Q: 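My questions all concern the structure below.
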Amino acid sequence: MELTLSMYQSFGNDYLVYDCQKNDYELKPEDIRNICNRRFGAGSDGILVGPVQMFGKLGVRIYNPDGSEAAISGNGLCIFAKYLKDAGYAMKKDFTLQTQSREVEIHYHNEEARKLTISMGRLYCGQTNMEGVGKSEYVPVEYNGRRYQGTCVWMGNLHCIIPMEEISKSAVCEIGEKLQRSERFPDGINTQIIRIGDKNNIYTEVYERGAGYTLASGSSCCAAAGVAYQMGLIDPCVYVHMPGGETIVRIDEKMNAYLTGTADCIGRIILSDEFLRKYQIMAE
């Protein structure tokens with residue numbers, strides 16, 4: 001028995017890539033939870049499974065560390081696009097990649113594919129699910145005795161953006177956990193609290209559905225920049241500062257978001273027979 005994965009990171013957002021062309025076994029949700037566990041497993045913010053055929057196109061399936069499937073992930077896409085280059089699947093400078101919720105365009109800036117720009121698609125206002133059903137755009141948020149207004153947007157996945165004067169990990173975790181439990185969001189929601197630096201710089205903290213607090217999130221950066229731009233707080237091209245680093249987001253006149261980020265290969269992981277037996281991974 002042997003199961004191999006490759007580990008990559010993008011702004012401290014780390015993913016394991018499970019190449020289903022090189023591994024015969026189909027991962028189950030409980031396998032993903034055990035492998036992603038940072039105390040007892042390999043540890044990661046999720047697993048990227050591919051390359052696969054999705055809707056007749058080259059695609060990737062994105063899994064959160066709790067075993068649930070994510071519709072899209074900006075940093076995950078940066079990582080998987082770099083893996084495709086490293087593994088010899090991608091030969092061109094530009095190509096398209098399918099996710100569960102939308103198709104994106106990938107552009108490599110260099111031969112090593114460390115720097116990439118991804119067209120993340122259009123940002124839609126309102127609580128919109130994958131079937132296109134929309135609800136109220138705004139949601140009230142209580143924190144430390146104050147009332148804030150969150151703006152809900154669909155960026156291939158659902159986000160709530162909350163501008164605040166001061167932001168912190170503790171604040172986003174408290175707010176994010178409340179919104180995650182809210183009956184208004186039965187499928188969960190990604191939460192970002194943002195602080196505007198100036199017209200070209202915003203700062204964000206992120207609490208992700210299915211993952212919790214993360215150092216970075218590409219789709220969250222796009223959602224945050226899109227909302228701030230709609231509010232007239234920033235220019236269309238902006239640096240988004242996260243605890244894991246800074247990325248560039250550009251919003252065009254049709255509210256399409258373009259994410260420029262980086263990805264690095266950390267190494268290759270072979271899960272031991274002992275680990276596979278303990279958690280009954282690959283068991284018949």
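Values below: every heavy atom of this structure, side chains too, minus hydrogens, waters and symmetry copies. Treat the numbers as computed from the prediction; the structure is a model and nothing was measured.
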Q: If we only count heavy atoms from C-beta on, is the Glu30 to Gln280 side-chain gap below 4.5 Å?
A: no

Q: Report, as yes or no, whether the 6.0 Å neighbourhood of atom CD on Gln21 holds more than 12 heavy atoms from other residues, nucleotides or ligands.
A: yes

Q: If you define the side chain from C-beta out and look only at heavy atoms, does anything of Arg184 sit under 4.5 Å from Ile189?
A: no

Q: Tell me, yes or no, whether the heavy-atom count around Asp94 atom CG, taken from other residues, nucleotides or ligands under 6.0 Å, exceeds 12.
A: yes

Q: Closest approach of Ala223 and Gln192, non-hydrogen atoms and distance?
A: CB-OE1, 4.0 Å

Q: Check whether any side-chain heavy atom of Ser220 sits under 4.5 Å from a side-chain heavy atom of Met242, and report yes or no.
A: no

Q: Please name the pair of heavy atoms, one in Met7 and one in Asp14, separated by the smallest distance, quoted to 0.1 Å.
A: CE-OD2, 4.3 Å

Q: So, do Ile47 and Asp31 sit near enough that their side-chain heavy atoms are less than 4.5 Å apart?
A: no

Q: May I ask you to check whether over 12 heavy atoms, not counting those of Lys28, lie within 6.0 Å of atom NZ?
A: yes

Q: Taking all non-hydrogen atoms of both residues into account, name the closest pair between Leu116 and Ala81 and its distance.
A: CD2-CB, 3.4 Å

Q: Just say parallel, tilted or perpendicular for the rings of Tyr203 and His241, cut-offs at 30° and 60°.
A: parallel

Q: Please say whether the positively charged group of Lys82, taken as NZ for Lys or CZ for Arg, lies over the ring of Tyr8, i.e. under 6.0 angstrom from the six-membered ring centre and within 45 degrees of the axis.
A: no

Q: Would you call Arg195 and Glu205 a salt bridge, using N to O less than 4.0 angstrom?
A: no

Q: For residues Tyr279 and Asn37, is any side-chain donor paired with an opposing acceptor at under 3.5 Å?
A: no

Q: Specify the closest pair of heavy atoms between Tyr25 and Tyr18, including all atoms of both residues, with the distance to one decimal.
A: O-OH, 2.6 Å

Q: What distance separates Ile281 CD1 from Phe275 CZ, expressed to the nearest 0.5 Å?
A: 4.5 Å

Q: List the atom of Ala42, the atom of Ile269, and the distance in Å for their closest heavy-atom pair.
A: CB-CD1, 4.2 Å

Q: Quick one, Arg209 and Asn64 - any side-chain contact, counting heavy atoms below 4.5 Å?
A: yes

Q: Could you tell me whether Lys178 and Glu174 make a salt bridge, using a distance below 4.0 angstrom between a side-chain N and a carboxylate O?
A: yes

Q: Taking C-beta and beyond as the side chain, do Gln149 and Glu137 meet within less than 4.5 Å on heavy atoms?
A: no

Q: Shortest non-hydrogen contact from Asn13 to Ser217?
A: OD1-CA, 4.3 Å

Q: If you take the centroid of each ring, where Trp contributes its six-membered ring, are Phe95 and Tyr108 closer together than 6.0 Å?
A: yes

Q: Could you give the distance from CE (Met231) to OG1 (Thr151), rounded to the nearest 0.5 Å?
A: 6.0 Å

Q: After noting the C-alpha distance and the side-chain angles of Ile248 and Cys237, does the key distance pass the side chain to side chain contact (heavy atoms under 4.5 Å, CB included) rule?
A: CA-CA 7 Å; Ile248 300 172; Cys237 190; 3.8 Å; yes

Q: With a sphere of 6.0 Å drawn around OH of Tyr213, does it hold more than 12 non-hydrogen atoms of other residues, nucleotides or ligands?
A: yes

Q: Quick one: do Asp19 and Arg268 make a salt bridge, cutoff under 4.0 Å?
A: no

Q: So, Arg38 and Asp45, do they make that salt bridge, N to O below 4.0 Å?
A: yes

